[in-house]
Amino acid sequence: MTADPLVRVTDLGKRYDAGGLWRRPGPAAVAGVSFDVAAGETLALVGESGSGKSTVGRLLLQLETPTAGEVWFEGRPLSGLSRRALRPLRRRMQMVFQDPYSALNPRLRVGEAVTEPLRIHGVETHAGALADRAAELFRQVGLDPIMTRRFPHEFSGGQRQRINIARAIALEPRFIVADEPITALDVSIQAQIVNLLQDIQDRTGVAYLFISHDLGMVRHLSRRVAVMRAGRIVEIAPAAALFERPRHPYTRALLSAVPVADPRIERTRRRIDFDPAQHPVTPDSALIQAAPGHWVLEPAQ
Ligand SMILES: Nc1ncnc2c1ncn2[C@@H]1O[C@H](COP(=O)(O)OP(=O)(O)OP(=O)(O)O)[C@@H](O)[C@H]1O
Ligand SMILES: [Mg+2]
């Protein structure tokens, strides 16, 4: 028996309507994206603004419909599933967003917010049990359970992101898309939230797609890293290989922009520019395996 990956995407593509009278499809926001996520692992998705990272995240969770390709979850293709058939799968995939402020309903007590998914999915409806569960979820994300009766405005950004994470883990998902979950937070808080996500993974075996444009931050957090540019994955590799032997010129340019902790190396760090005109990507370009598990986008011959 071959084990299916937890998540698989094959040749995923998305075109948004360009607008206008004929609703013509616009340029591809995402094209030819393929990768797997194994149970319990973290795959980081990095790349500049507009490269298509969030779109991939939304396609994975079926918050948007792909215009090409397929998403597989636990070995099942998701396209064509009815809402009803999707419902139990949705419980097992969740999302944490970048902005901890807008993600919470300001009029809902935070204890109710974190257990709302349990009510929506009919897992638990008894008020006392929900309150117990809220307290338990608060403990799991390092918040005092006494605070479950407060409202979102009474919390700091870091605390609100903990509440969002509590809400995301309420249904014990197997997969979480974390879309820039620390970008909006103070630098001093960022490491705490990353540690919390890692603790949760150690405890529950949840897998993450961790979206970030900060390569430095994903280095110690992810087993593998995928680099996106202009809607395509240009390189995907184990984290150590990607950081030590980046192969695509775009990855090299991205890495050259990351400050290094060692001042001797930092002093001589040189930024490399990436010139897209020198590395044209065509619809026929494909990922080629350069080393075990290390794939690089090559122009078609
Ligand atoms: N709802 C939409 N309608 C039309 N175009 C969209 C929509 N959402 C995204 N796009 C376009 O798709 C492309 C990819 O956007 P996406 O938000 O996925 O990038 P991103 O890598 O997440 O960027 P950022 O780092 O800024 O969050 C962009 O060109 C964007 O303008
Ligand atoms: Mg985004």
Side-chain angles (χ1 to χ4, degrees), residues 4-18 24-38 41-73 75-81 93 175 177 179 207-213 215 218 222-239 241-242 246-254 274-301:
D4 285 314
L6 181 65
V7 180
R8 164 165 286 171
V9 299
T10 48
D11 216 14
L12 200 62
K14 177 70 179 176
R15 285 178 189 277
Y16 294 102
D17 269 342
R24 278 176 295 115
V30 166
V33 165
S34 303
F35 59 79
D36 291 347
V37 183
E41 83 160 332
T42 300
L43 173 67
L45 190 58
V46 302
E48 66 202 10
S49 184
S51 56
K53 307 179 297 295
S54 296
T55 303
V56 168
R58 291 194 298 267
L59 293 172
L60 281 179
L61 299 189
Q62 301 287 296
L63 302 175
E64 279 178 12
T65 315
T67 44
E70 184 64 90
V71 178
W72 309 69
F73 185 69
R76 295 173 67 190
L78 299 186
S79 70
L81 286 187
M93 333 184 225
F175 179 53
V177 172
D179 190 352
Y208 296 122
L209 181 75
F210 189 93
I211 298 176
S212 176
H213 57 253
L215 263 173
V218 306
S222 32
R223 186 190 297 172
R224 290 183 304 136
V225 180
V227 180
M228 281 190 85
R229 202 192 89 80
R232 306 285 305 246
I233 289 183
V234 298
E235 184 160 2
I236 181 164
L242 189 112
R247 291 178 185 255
H248 196 280
Y250 178 69
T251 311
R252 291 189 181 142
L254 264 190
F274 175 73
D275 178 7
Q278 296 222 358
H279 306 278
V281 175
T282 70
D284 296 331
S285 300
L287 288 169
I288 306 294
Q289 189 161 211
H294 194 147
W295 299 78
V296 187
L297 188 68
E298 302 262 321
Q301 299 302 316

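Just so it is clear, the model here is predicted, and its values are computed rather than measured.
Scanning both residues, Val296 and Ala290, for their nearest heavy atoms gives CG2-CB, 4.1 Å. Nearest heavy-atom pair across Gly47 and His213 is O-CB, 3.4 Å. Taking all atoms of both residues into account, the shortest heavy-atom contact from His294 to Ala241 is ND1-CB, 3.8 Å. Tyr16 approaches Ala29 most closely through the heavy-atom pair CE1-CB, 3.6 Å. For the pair Gln289 and Gly293, the tightest heavy-atom approach, listed with the atom from each and the gap, is OE1-N, 2.8 Å. Scanning all heavy atoms of the two residues, the minimum distance from Leu209 to Phe175 falls at N-CE1, 3.7 Å.
Not a single donor-acceptor pair under 3.5 Å links the side chain of Lys53 to the backbone N or O of Phe210. Judged by distance alone, with hydrogens and angles left aside, the side-chain atoms of Glu41 form a donor-acceptor pair with the main-chain N or O of Ala38 at under 3.5 Å. With hydrogens and angles disregarded, a donor-acceptor distance shorter than 3.5 Å links the side chain of Lys14 to the backbone of Thr65. Distance alone, capped at 3.5 Å, is enough to place a donor-acceptor pair between the Arg252 side chain and the Pro246 backbone. For the pair Ser285 (side chain) and Val281 (backbone), a donor-acceptor distance under 3.5 Å is absent. No side-chain donor-acceptor contact under 3.5 Å links Ser222 to the backbone of Leu43.
Put simply, the side chain of His248 does not reach to within 4.5 Å of the side chain of Val227, judged on heavy atoms. Between Phe35 and Leu12 there is no side-chain heavy-atom pair separated by less than 4.5 Å. Contact check for Glu235 versus Tyr250: no side-chain heavy atoms found under the 4.5 Å cut-off. A heavy-atom distance below 4.5 Å is found between the side chains of Met93 and Leu78. For the pair Trp72 and Asp4, the minimum side-chain heavy-atom distance is 4.5 Å or more. The shortest side-chain heavy-atom distance between Ile233 and Trp295 does not fall under the 4.5 Å cut-off. Using a 4.5 Å heavy-atom cutoff, the side chains of Arg76 and Leu81 are in contact. You'll find the side chain of Thr42 stays beyond 4.5 Å of the side chain of Arg223, heavy atoms only.
Interatomic distance, Arg58 CZ to Asp179 CG, rounded to the nearest 0.5 Å: 8.0 Å. With values rounded to the nearest 0.5 angstrom, Leu60 atom CG is found 8.5 Å from Leu45 atom CG. The line from CG of Leu297 to CE of Met228 is 11.0 Å long, rounded to the nearest 0.5 Å. The distance from the CD1 atom of Ile236 to the CG atom of Asp36 is 8.0 Å, given to the nearest 0.5 Å.
Residues satisfying the side-chain contact (heavy atoms from CB on, under 4.5 Å) test with Arg15, not counting sequence neighbours, are Pro25, Ala28, Thr67. For Phe73, the ring-ring contact (aromatic ring centres under 6.0 Å, His included) test picks out no residue, with sequence neighbours left out.
Remark: the Glu70 side chain and the Ser79 side chain contain an N/O donor-acceptor pair separated by less than 3.5 Å.
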